[in-house]
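Report on the following structure.
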Amino acid sequence: MNKIISALLAGIIFGVGITLSGMVDPNKVVNFLDVAGDWDPSLMFVLGGGVITTTIAYRFIFAQNKPLFAEDFHLPTLLKIDTKLLFGSALFGVGWGLIGYCPGPAVASIGFRFEEPLIVVVSMLAGILLFKVTSKA
Amino acid sequence: MENFTPYSSLAGGILLGISASILMYLNGRIAGISGIVGGILNNPSAAEKAWRAAFVVGIIGGASVYAYFFPVSIEPREHVTTALLIVGGLIVGFGTAMGGGCTSGHGVCGISRFSLRSITATMVFLVAGIATVYIVNQVIGV
């Protein structure tokens, strides 16, 4: 139960943060990526604020033996930079540039606009499943 | 740069960092949205599905309450059709599943752990996004 409540709390803060940041506006995202046009650098401040805060907090968190409500920290074990990482990230960037949505803002936007983010999130889930099915074969 | 919002964007980013820190401190998890959402479908464990679903409900609820008090206005985009949204969404889903993360997992959490994979992934999706917008705006000329 603790794990569910803490995830809910983290989610609420994420939802408020992503909406406040302006990243839920796909126009703003595209303007951030549009370095040759009317460039809006705001998203660098979103990433910067997120990275600085998390870097400082992680230092203290990883000094603990374990998380408060779990047995251990679940951290990615892969270290190699492989084709999947490069190709998958490049694909993600193409989709991001095409529609102006990455997963976080798309999910959050369901909270205040329905049609567009819902289409994106459902398609995104289909894309995730499609990868799972094709990578198994 | 008429729409430049450094303060609210920085404040929003700090909140994302606090969210990621809470999830790591309490549950020992990376706050990567693509992975968390994907796990609701793919992870066989009910306990795994439960915390992931709670996180997503929190995101939608938090955004909803915030937007209730501070309405978000978004200019409609004429060239973005439903078909484009579907294709784009599919590519985003497939790409993040293949690359093992998105803006939150690689961009915020990964860079904060000084993960070389995440730093690489972030540079790649930023460059790919910039190139895509360049092609759409400057070459095709939407």
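Just so it is clear: chains get the letters A, B, ... in the order the sequence lines come, proteins before strands, and each one is counted from 1.
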Examine whether an atom of [X] lies under 4.5 Å from a heavy atom of chain B, and if so say whether it belongs to the side chain, the backbone or both; otherwise answer neither.
X: A:R113; result: side chain
X: A:V122; result: neither
X: A:I5; result: neither
X: A:M23; result: side chain
X: A:D72; result: backbone

Do [X] and [Y] sit in the same hydrophobic cluster, where Ile, Leu, Val, Met, Phe, Trp and Tyr count as joined when their side-chain heavy atoms come under 4.5 Å apart?
X: A:M44; Y: B:I111; value: no
X: A:F92; Y: A:V94; value: yes
X: A:F131; Y: A:L78; value: no
X: A:V30; Y: B:V139; value: yes

Out of curiosity, [X] [atom1] to [Y] [atom2], how far, rounded to the nearest 0.5 Å?
X: B:I119; Y: A:I81; atom1: CD1; atom2: CD1; answer: 9.0 Å
X: A:I110; Y: B:I60; atom1: CD1; atom2: CD1; answer: 4.5 Å
X: B:S21; Y: A:I61; atom1: OG; atom2: CD1; answer: 4.5 Å
X: B:L90; Y: A:L129; atom1: CG; atom2: CG; answer: 10.5 Å
X: B:F4; Y: A:L43; atom1: CZ; atom2: CG; answer: 10.5 Å
X: A:L85; Y: B:F125; atom1: CG; atom2: CZ; answer: 10.0 Å

Below 4.5 Å from any heavy atom of chain A, which atoms of [X] appear? Answer side chain, backbone, both or neither.
X: B:S112; result: both
X: B:I135; result: neither
X: B:N27; result: both
X: B:I18; result: both
X: B:V108; result: both
X: B:Y134; result: side chain
X: B:S115; result: neither
X: B:S104; result: side chain
X: B:R77; result: side chain
X: B:Y66; result: side chain
X: B:T120; result: side chain

Next on the checklist: Apply ring-ring contact (aromatic ring centres under 6.0 Å, His included) to residues B:F114 and A:Y58 and explain how you reach the verdict.
Outcome noted: CA-CA 11 Å; B:F114 310 111; A:Y58 272 6; 9.6 Å; no
Do the side chains of [Y] and [X] get nearer than 4.5 Å, heavy atoms only?
X: B:V56; Y: A:V107; answer: yes
X: B:V133; Y: A:F32; answer: no
X: B:Q138; Y: A:D34; answer: yes
X: B:M24; Y: A:L75; answer: yes
X: B:L85; Y: A:S123; answer: no
X: B:T82; Y: A:I119; answer: yes
X: B:L16; Y: A:F14; answer: yes
X: A:I99; Y: B:L84; answer: yes

Checklist entry - Is there a side-chain contact (heavy atoms from CB on, under 4.5 Å) between B:F94 and A:I128 once you walk through the steps? => result CA-CA 5 Å; B:F94 192 92; A:I128 293 173; over 6 Å; no
Next on the checklist: Looking only at the aromatic ring of each residue, does the gap between the centers of A:F112 and B:F70 stay below 6.0 angstrom?
Outcome noted: no
Next on the checklist: Tell me which of these, B:T122, B:N42, B:T96, has more heavy-atom pairs under 4.5 Å with chain A than the rest.
Outcome noted: B:N42
Checklist entry - Between B:I22, B:V127, B:I86, B:L116, which residue shows the highest count of heavy-atom pairs closer than 4.5 Å to chain A? => result B:I86
Next on the checklist: If we check side-chain contact (heavy atoms from CB on, under 4.5 Å) with B:I14, which of these qualifies: A:T54, A:V46, A:T53?
Outcome noted: A:T53
Checklist entry - If every non-hydrogen atom of B:A63 is compared with every non-hydrogen atom of A:T19, which pair is closest and at what distance? => result CB-OG1, 3.3 Å
Item to check | Expected output: side-chain B:R52 to main-chain A:A7 donor-acceptor under 3.5 Å | outcome: no
Checklist entry - Checking side-chain contact (heavy atoms from CB on, under 4.5 Å) for the pair B:T5/A:K28: CA distance, chi angles, key distance, verdict? => result CA-CA 10 Å; B:T5 54; A:K28 200 172 179 64; 3.0 Å; yes
